[in-house]
Engineer: 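Please read through the structure below; I'll follow up with questions.
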Amino acid sequence: QLQLKETGGSLVAPGGSLRLSCAASGSTLNDYSVAWFRQAPGKEREGVACISVADKSPYYADSVNPRFGIFRGSAKGEVYLHVNFVTPDDTGVYYCAATDITTSAMGLCDSEQFVRYWGQGTQVTVST
(Lines give C-alpha, C1' and ligand atoms only; values in the text may rest on other atoms or scores of the structure.)
Protein backbone atom coordinates (compact mmCIF):
# COMPACT_ATOMS: atom_id res chain seq x y z
CA GLN A 1 0.00 0.00 0.00
CA LEU A 2 1.42 3.33 -1.09
CA GLN A 3 1.37 6.01 1.61
CA LEU A 4 1.63 9.59 0.44
CA LYS A 5 2.54 12.63 2.50
CA GLU A 6 2.34 16.27 1.49
CA THR A 7 4.44 19.01 3.04
CA GLY A 8 4.93 22.71 2.47
CA GLY A 9 1.51 24.19 3.06
CA SER A 10 1.55 27.50 4.89
CA LEU A 11 0.13 30.98 5.20
CA VAL A 12 1.23 33.09 2.25
CA ALA A 13 0.46 36.65 1.19
CA PRO A 14 -1.24 37.41 -2.13
CA GLY A 15 1.29 37.48 -4.92
CA GLY A 16 3.64 35.17 -3.09
CA SER A 17 4.83 31.69 -3.90
CA LEU A 18 5.35 28.37 -2.20
CA ARG A 19 6.38 24.83 -3.00
CA LEU A 20 4.48 21.75 -1.97
CA SER A 21 6.10 18.34 -1.85
CA CYS A 22 4.67 14.87 -2.18
CA ALA A 23 6.60 11.78 -1.18
CA ALA A 24 5.75 8.13 -0.83
CA SER A 25 6.95 6.20 2.20
CA GLY A 26 9.60 3.70 1.25
CA SER A 27 9.18 4.25 -2.47
CA THR A 28 9.67 6.67 -5.30
CA LEU A 29 6.84 8.04 -7.40
CA ASN A 30 8.74 7.57 -10.63
CA ASP A 31 6.48 4.80 -11.87
CA TYR A 32 3.22 6.49 -10.89
CA SER A 33 1.09 9.15 -12.45
CA VAL A 34 0.69 11.90 -9.87
CA ALA A 35 -1.95 14.55 -9.37
CA TRP A 36 -2.42 17.57 -7.18
CA PHE A 37 -6.00 18.22 -6.14
CA ARG A 38 -7.27 21.05 -4.01
CA GLN A 39 -10.47 21.75 -2.15
CA ALA A 40 -11.46 25.26 -1.21
CA PRO A 41 -13.96 25.87 1.59
CA GLY A 42 -17.48 25.21 0.35
CA LYS A 43 -16.30 24.02 -3.06
CA GLU A 44 -15.78 20.70 -4.79
CA ARG A 45 -12.35 19.17 -4.94
CA GLU A 46 -10.65 19.84 -8.25
CA GLY A 47 -7.59 18.57 -10.03
CA VAL A 48 -5.17 21.43 -10.65
CA ALA A 49 -1.94 19.84 -11.88
CA CYS A 50 -1.26 16.32 -13.08
CA ILE A 51 1.61 14.41 -14.60
CA SER A 52 1.25 11.02 -16.26
CA VAL A 53 3.83 8.39 -17.04
CA ALA A 54 2.17 8.13 -20.45
CA ASP A 55 2.35 11.83 -21.35
CA LYS A 56 5.25 14.06 -22.26
CA SER A 57 3.71 17.18 -20.78
CA PRO A 58 1.79 17.89 -17.58
CA TYR A 59 -1.78 19.08 -17.53
CA TYR A 60 -2.96 22.17 -15.67
CA ALA A 61 -6.44 23.34 -14.91
CA ASP A 62 -7.37 26.64 -16.51
CA SER A 63 -7.79 28.15 -13.07
CA VAL A 64 -4.08 27.76 -12.27
CA ASN A 65 -2.33 27.77 -15.63
CA PRO A 66 0.31 29.19 -16.05
CA ARG A 67 0.88 30.04 -12.38
CA PHE A 68 1.41 26.46 -11.15
CA GLY A 69 4.07 23.95 -12.07
CA ILE A 70 4.35 20.25 -11.33
CA PHE A 71 7.78 18.63 -11.34
CA ARG A 72 9.42 15.36 -10.47
CA GLY A 73 12.41 15.42 -8.19
CA SER A 74 15.46 13.40 -9.11
CA ALA A 75 16.96 12.57 -5.73
CA LYS A 76 14.11 10.81 -3.93
CA GLY A 77 11.46 10.35 -6.63
CA GLU A 78 9.23 12.98 -5.03
CA VAL A 79 6.83 15.30 -6.84
CA TYR A 80 6.58 19.03 -6.30
CA LEU A 81 3.90 21.60 -6.91
CA HIS A 82 5.18 25.12 -7.43
CA VAL A 83 2.47 27.64 -6.62
CA ASN A 84 3.19 31.15 -7.89
CA PHE A 85 1.46 34.52 -7.78
CA VAL A 86 -1.13 33.21 -5.38
CA THR A 87 -4.53 34.77 -4.87
CA PRO A 88 -7.10 34.22 -2.11
CA ASP A 89 -8.88 31.81 -4.47
CA ASP A 90 -5.92 29.47 -4.09
CA THR A 91 -6.77 28.91 -0.44
CA GLY A 92 -7.66 25.34 0.38
CA VAL A 93 -6.42 21.91 1.28
CA TYR A 94 -4.03 20.52 -1.30
CA TYR A 95 -3.89 16.77 -1.79
CA CYS A 96 -1.33 14.64 -3.53
CA ALA A 97 -2.71 11.62 -5.33
CA ALA A 98 -1.13 8.81 -7.28
CA THR A 99 -2.14 5.96 -9.52
CA ASP A 100 -0.67 3.16 -11.56
CA ILE A 101 -3.78 2.97 -13.72
CA THR A 102 -3.04 4.02 -17.28
CA THR A 103 -4.47 7.45 -18.00
CA SER A 104 -3.51 10.74 -19.53
CA ALA A 105 -2.52 13.69 -17.40
CA MET A 106 -5.73 15.46 -18.36
CA GLY A 107 -7.81 12.41 -17.56
CA LEU A 108 -6.28 12.11 -14.12
CA CYS A 109 -7.00 15.75 -13.30
CA ASP A 110 -10.54 15.60 -14.66
CA SER A 111 -11.70 12.53 -12.77
CA GLU A 112 -10.88 11.11 -9.37
CA GLN A 113 -11.88 7.64 -10.54
CA PHE A 114 -8.28 6.95 -11.58
CA VAL A 115 -6.80 7.76 -8.18
CA ARG A 116 -5.64 4.82 -6.10
CA TYR A 117 -3.71 6.58 -3.34
CA TRP A 118 -4.36 9.84 -1.48
CA GLY A 119 -2.25 11.92 0.83
CA GLN A 120 -3.68 13.50 3.95
CA GLY A 121 -3.62 17.02 2.56
CA THR A 122 -1.75 20.19 3.45
CA GLN A 123 -3.35 23.55 4.14
CA VAL A 124 -2.58 26.57 1.99
CA THR A 125 -3.98 29.87 3.16
CA VAL A 126 -3.60 33.03 1.10
CA SER A 127 -4.20 36.09 3.22
CA THR A 128 -2.68 39.38 4.25
Engineer: With sequence neighbours excluded, give me every salt bridge (Lys or Arg N to Asp or Glu O under 4.0 Å) pair touching residues 52-68.
Structural biologist: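 Of all non-adjacent pairs touching residues 52-68, those that pass salt bridge (Lys or Arg N to Asp or Glu O under 4.0 Å) are R67-D90.
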Engineer: If every non-hydrogen atom of V86 is compared with every non-hydrogen atom of A13, which pair is closest and at what distance?
Structural biologist: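 Result for this residue pair: CG2-O, 3.3 Å.
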Engineer: With sequence neighbours left out, what residues match E46 under salt bridge (Lys or Arg N to Asp or Glu O under 4.0 Å)?
Structural biologist: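 Salt bridge (Lys or Arg N to Asp or Glu O under 4.0 Å) check on E46 returns R38.
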Engineer: Taking C-beta and beyond as the side chain, do V115 and Q113 meet within less than 4.5 Å on heavy atoms?
Structural biologist: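 No, too far: nothing below the 4.5 Å cut-off.
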Engineer: Are side-chain heavy atoms of E112 and R45 found at a separation under 4.5 Å?
Structural biologist: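 Heavy-atom side-chain distance check passes, below 4.5 Å.
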Engineer: Can you give me every donor-acceptor pair (side chain of residues 95-105, partner residue at least two apart or in another chain, under 3.5 Å) with its distance?
Structural biologist:
| residue | atom | partner | partner atom | Å |
| --- | --- | --- | --- | --- |
| T99 | OG1 | I101 | N | 3.0 |
| T99 | OG1 | F114 | O | 2.5 |
| D100 | OD1 | R116 | NH1 | 2.8 |
| D100 | OD2 | R116 | NH1 | 3.0 |
| S104 | OG | G107 | N | 3.0 |

Engineer: If you round to the nearest 0.5 Å, how far is CG of L18 from CG of L81?
Structural biologist: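 Going from CG on L81 over to CG on L18, the span is 8.0 Å.
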Engineer: For the residue pair T128 and P14, establish whether any side-chain heavy-atom pair is separated by less than 4.5 Å.
Structural biologist: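 Contact flag for T128/P14 side chains = yes.
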Engineer: Would you name the heavy atoms of K5 and Q120 that are closest together and state the gap between them?
Structural biologist: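 Looks like CA-OE1, 3.6 Å.
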Engineer: Between atom CD of Q3 and atom OH of Y117, what is the distance when rounded to the nearest 0.5 Å?
Structural biologist: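 Separation between the atoms: 11.0 Å.
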Engineer: Taking side chain as C-beta onward, heavy atoms only, is S17 less than 4.5 Å from V12?
Structural biologist: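 Heavy-atom side-chain distance check fails, nothing below 4.5 Å.
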Engineer: So do the side chains of R72 and I51 get within less than 4.5 Å of each other, counting heavy atoms only?
Structural biologist: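 The answer is yes; the side chains approach within 4.5 Å.
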Engineer: Measure across V48 and V64 and return the closest heavy-atom pair with its distance rounded to 0.1 Å.
Structural biologist: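 For V48 and V64, the tightest heavy-atom pair comes out as O-CG2, 3.3 Å.
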Engineer: Any side-chain heavy atom of S127 within less than 4.5 Å of one from T91?
Structural biologist: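 No, side chains not in contact.
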Engineer: Which residue pairs pass the ring-ring contact (aromatic ring centres under 6.0 Å, His included) test with at least one member in residues 19-68, sequence neighbours excluded?
Structural biologist: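 Listed by first then second residue: F37-W118.
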Engineer: State yes or no: do I70 and Y94 share one hydrophobic cluster built from I, L, V, M, F, W and Y residues joined by side-chain heavy-atom distances below 4.5 Å, directly or via other members?
Structural biologist: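 Hydrophobic grouping puts I70 with Y94.
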Engineer: In residues 20-27, what donor-acceptor pairs under 3.5 Å come from side-chain atoms, sequence neighbours left out?
Structural biologist:
none

Engineer: In the structure I gave you, are the side-chain heavy atoms of L2 and L29 within less than 4.5 Å of one another anywhere?
Structural biologist: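 Counting from C-beta outward, L2 and L29 do come under 4.5 Å.
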Engineer: Any side-chain heavy-atom pair from T7 and T122 closer than 4.5 angstrom?
Structural biologist: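 They are not in contact (no side-chain heavy atoms under 4.5 Å apart), so the answer is no.
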Engineer: Quick one: does any side-chain atom of S33 pair with a main-chain N or O of V53 as donor and acceptor, under 3.5 Å?
Structural biologist: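 Checking the backbone N and O of V53 against the side chain of S33, a donor-acceptor pair under 3.5 Å is found.
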Engineer: Should side-chain heavy atoms under 4.5 Å link Ile, Leu, Val, Met, Phe, Trp and Tyr, which residues sit in the same cluster as Y80?
Structural biologist: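 Result for Y80 is none, singleton.
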